[in-house]
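FYI, the numbering just counts along the sequence from 1.
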Amino acid sequence: MEQRKLGSTGPTVSALGLGCMGMSEVYGPADRGESIATVHAALDAGITLLDTGDFYAMGHNEMLVREALKDVPREKVQISVKFGALRGPAGEFAGMDTRPAATKNFLAYSLQRLGTDHIDVYRPARLDPNVPIEETIGGLADLVKAGYIRHIGLSEVGSDTIRRAHAVHPIADLQIEYSLIERGIERDILKTCRELGISITAYGVLARGLISGHWSKDSGKTGRDYRLMTPRFQGANLDANLALAEQLRAIATEIGATPAQVAIAWVAAQGKEIVPLVGARTRNRLTEALGAAKLKLTPAHLAALAKAFPPDVASGTRYAAEQMAHLDSEKPATR
């Protein structure tokens, strides 16, 4: 598989990464054995970047990753971890804490759950409104010096915060949503990252399955699926977005690929500094996604996709209003 470097100072990773969150929660029940087999299949296919978070099912996902990697040489894989999100005993989210003392505590537990002595890329999951980003990054820089983390990343923050963070310590990558129907980073964030030599690890490349070609109005009705609570998966918004998915299906048919493969390949084609994260939970979905790595979109293909999917084409916001209000990445740059 093609390799891409995360930022000017970060690690070299596979051109596709595996997002592991859905193996533990959010998208309904997942099969543990199939999840582990999917991680193994990803590694066999050349994927080296695994993304998780310490708050994914309150540590369950990190322990799942540990089990999947127990016979894998540590140097063969890069582990990316998000931290700082607080949760209650009922699973509810209760804010952020990225104070350096709290960060050390979160890291200690992650190292234990993952069964490793270091994390390759460690990042706050969101901006903590109560802690200056300089303080958070300064604490992380100390952990880099101590050898517990190799590189520092960010997640869902805007250009101003990116600049302030990068001034304290080099940032390897920004993890943020990016897809054919979610192109908010093109307003200024992508330009800022390119200027500073920061890569993008793009999640939501299939819009949480909405444009994968597998979602229908009846999907997700069994089991607890977070997507059903988000605006893009509700009512008239869902109808309009599924119509977009059908447009993608038509283009994909002409190309000779699946909608998911075209959607992933489009993100990867936006720049060598962009690494799509594929949230496959089964080997079948992974196999389909891997086909995107071999798909070469021509200028004509890209032009057709640009015409069908202009910026802001999606109906509804990507998160509920309360969550959108806390996204630093939604704030426009001031310089």
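When the side chains of ILVMFWY residues are joined at heavy-atom separations under 4.5 Å, either directly or via intervening members, Y109 and L114 end up in two distinct hydrophobic clusters.
Side chain of N241 to backbone of R232: a donor-acceptor contact under 3.5 angstrom is found. Of the possible donor and acceptor atoms, one in the side chain of D128 sits under 3.5 Å from a partner among the backbone N and O of T98. Not one N or O on the side chain of Q323 forms a donor-acceptor pair closer than 3.5 Å with the backbone of A321. Side chain of Q78 to main chain of S80: no donor-acceptor pair is present (N/O by atom type, distance under 3.5 Å, no hydrogens or angles). With hydrogens and angles ignored, the 3.5 Å screen pairs no side-chain donor or acceptor of K76 with any backbone N or O of T48. Although no hydrogens or angles enter the test, the distance criterion places no donor-acceptor pair under 3.5 Å between the side chain of D54 and the main chain of S110.
Salt bridge annotation for D117-R74: absent, with no cationic side-chain nitrogen under 4.0 angstrom from a carboxylate oxygen. Using a cut-off of 4.0 Å between Lys/Arg side-chain N and Asp/Glu carboxylate O, E195 and R163 are scored as salt-bridged. E246 has a carboxylate O that lies under 4.0 Å from a charged side-chain N of R249, or vice versa, which qualifies the two as a salt bridge. Looking at D51 and K82, a side-chain N of the basic residue comes within less than 4.0 Å of a carboxylate O on the acidic one, giving a salt bridge. With respect to the salt-bridge test (charged N to carboxylate O, under 4.0 angstrom), the residues R318 and E156 qualify.
Among pairs with a residue in residues 282-323, none fulfils ring-ring contact (aromatic ring centres under 6.0 Å, His included), at least two apart in sequence or across chains. Pairs passing the ring-ring contact (aromatic ring centres under 6.0 Å, His included) check and including a residue from residues 62-89, sequence neighbours excluded, read F83-Y122. Counting only residues at least two apart or on different chains, the ring-ring contact (aromatic ring centres under 6.0 Å, His included) pairs with a member in residues 233-253 are W215-F233.
In K104, the NZ atom is not crowded: 12 or fewer heavy atoms of neighbouring residues, nucleotides or ligands sit closer than 6.0 Å. Around atom CD of E67, more than 12 heavy atoms belonging to other residues, nucleotides or ligands sit under 6.0 Å away. The local environment of CG in N105 is crowded, with over 12 non-hydrogen atoms from other residues, nucleotides or ligands closer than 6.0 Å. Within 6.0 Å of the CD atom in E322, the count of heavy atoms belonging to other residues, nucleotides or ligands does not exceed 12. More than 12 heavy atoms of other residues, nucleotides or ligands shown are found within 6.0 angstrom of CZ on F93.
Contact detail for A308 and V313: the closest heavy-atom pair is O-CG2, 4.2 Å.
Every residue meeting the salt bridge (Lys or Arg N to Asp or Glu O under 4.0 Å) condition with D328, not counting sequence neighbours, appears here in chain and number order: K331.
To the nearest 0.5 angstrom, R32 atom CZ is 4.5 Å from H60 atom NE2.
Contact check for L18 versus L49: no side-chain heavy atoms found under the 4.5 Å cut-off. Counting heavy atoms from C-beta outward, E134 and R164 have side chains that approach closer than 4.5 Å. Here the side chains of I200 and L190 are in contact, with some heavy-atom distance below 4.5 Å.
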Validation: residues 146-153 side-chain donor-acceptor distances under 3.5 Å, sequence neighbours left out:
unit_1, atom_1, unit_2, atom_2, d
R150, NH1, G147, O, 2.9
H151, ND1, T9, O, 3.4

N/O donor to acceptor pairs below 3.5 angstrom from side-chain atoms of residues 264-275, sequence neighbours left out:
unit_1, atom_1, unit_2, atom_2, d
Q270, NE2, W266, O, 2.8
K272, NZ, E2, OE2, 3.1
E273, OE2, R194, NE, 2.5

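A donor-acceptor contact closer than 3.5 angstrom links the side chains of E288 and H214.
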